[in-house]
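One structure is given below, encoded as structure tokens.
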Amino acid sequence: MSAVPIAETLHGGEFLTVYKPDVLIFPTPEEVGRYAAQTVQEQIVTKPDSIFTFPTGSTPIEMYRLVVEAGLDWSRARIKNLDQYYRIDPLHQASYAVDMQKNLIDFINIPPENWAIPNGIAPDPDEEAARYEEVFAEYGPVDMAVLGIGPGTTCHIGFNERGSQLGSRTRYMPLDPQTRAANAKFFDDPRDMPEGSITQGIATILEAQRIILLAIGDHKAQGILRTLEGSIGPDAPASFLRYHPNVTFILDAPAASQLTISRN
Ligand code: GLP
């Protein structure tokens, strides 16, 4: 499946095609996880040396559980994670490195050098972002990026908070207060919640050949509505996905509950 072109729009002096993304709505979060896991598995079976970009957070946990259960061969695949807090020790209980290890990396046969995530304690975040932008670039574009969406009205992808531009690359990004409030729950001591992050940029993410975005729960409904039916722009960074020709939104019914436009 791929998205249908529906319009041309002028953005920053350039005409861009706007697509109508595929939107799949499932009754339960488990079915979202199952469909997402199948999509990842089909990708790796079809192209065993695929490069994936993967997210963290609570949404993809079921997808990872099923991917692990499938026991596929990851020996030739590469994973370039979306983002990491800055500053955070990679060994910290809430770091995205630990999150990935306990949900996926520790249970698949991916060689250690084939998995990358920004270094949350790099001395200079700008240098680390520039280094990370180039990770695995010599192997070609990311084949499949799996995304979540940020809390409330942030509409962030990765940690591209409101104000992120279409042309943005991997960089240091201060966190929106809504993000800090929502993610503090992942920290044993909420005062450890970092103020910033290193995230792949919007342009970096859009270079993936195929993108799937997962959202579950009614707390994502407002953001999904804004992303799919609002204007495309930096006040809803996920809306930039509508410039990509091959994006699928995989939603549960509560996350889709505010959509008004027919998806058929
Ligand atoms: C964080 C991550 C995002 C993720 C979002 C959603 O902010 N940086 O990449 O999509 O959380 O998290 P959750 O799945 O827990 O709702």
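Counting convention: from 1, in listed order, for ligands and their atoms alike. Please read these numbers as outputs of a predicted model, since none were measured by experiment. Numbering starts at 1 and runs along the sequence shown.
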Can you list the ligand 1 atoms lying under 4.0 Å from a non-hydrogen atom of N183? 1 (C), 7 (O)

Pick one: which of E133, E127, E134, E128 meets salt bridge (Lys or Arg N to Asp or Glu O under 4.0 Å) with R131? E128

Heavy atom under 4.0 Å from ligand 1: found in T59's side chain, backbone, both, or neither? both

Against heavy atoms of G57, which atoms of ligand 1 measure under 4.0 Å? 14 (O), 15 (O)

Distance-only N or O hit between ligand 1 and S58, under 3.5 Å: yes

In this structure, atom 8 (N) of ligand 1 is nearest to the protein heavy atom D83 OD2, 2.7 Å

If we count only N and O atoms by modelled type, under 3.5 Å, do the side chains of E8 and T17 hold a donor and an acceptor together? yes

Pull out every atom of ligand 1 sitting under 4.0 Å from any heavy atom of G148, numbered as shown with elements. 10 (O)

Is there a side-chain contact between L166 and L206, using heavy atoms and a 4.5 Å cut-off? yes

With a 3.5 Å cut-off and no angle check, do the side chains of T204 and R171 form a donor-acceptor pair? no

May I ask you to identify, for I149, whether its side chain, its backbone, both or neither come under 4.0 Å of ligand 1 on a heavy-atom basis? backbone

Please step through side chain to side chain donor-acceptor pair (under 3.5 Å) for the pair Q178 and T154, ending with a clear verdict. CA-CA 7 Å; Q178 288 183 71; T154 63; 5.6 Å; no

Look at atom 16 (O) of ligand 1 and say which protein heavy atom is nearest, naming residue and atom and giving the distance to 0.1 Å. K220 NZ, 2.6 Å

Which heavy atom of the protein is the closest neighbour of atom 4 (C) of ligand 1, given with residue, atom name and distance? T56 O, 4.1 Å

Criterion side-chain contact (heavy atoms from CB on, under 4.5 Å) on L66 and R34, from CA distance to verdict: CA-CA 7 Å; L66 294 169; R34 197 175 317 142; 4.1 Å; yes

Y96 contact mode with ligand 1 (heavy-atom cut-off under 4.0 Å): side chain

Please determine if D252 and K220 form a salt bridge, counting it only when a charged side-chain N lies under 4.0 Å from a carboxylate O. no

Would you mind listing which atoms of ligand 1 come within a distance below 4.0 Å of any non-hydrogen atom of F159? 1 (C), 7 (O), 8 (N)

Among all the protein's non-hydrogen atoms, which is closest to atom 5 (C) of ligand 1, and how far away is it? H156 NE2, 3.8 Å

Do any N/O atoms on H219 end up under 3.5 angstrom from N/O atoms on ligand 1? no

Side chain or backbone, does G158 bring an N or O within less than 3.5 Å of an N or O on ligand 1? yes

Return the minimal non-hydrogen interatomic distance between D73 and I44, and the atom names on each side. O-CD1, 3.6 Å

Side-chain contact, heavy-atom cut-off 4.5 Å: F159 with S164? no

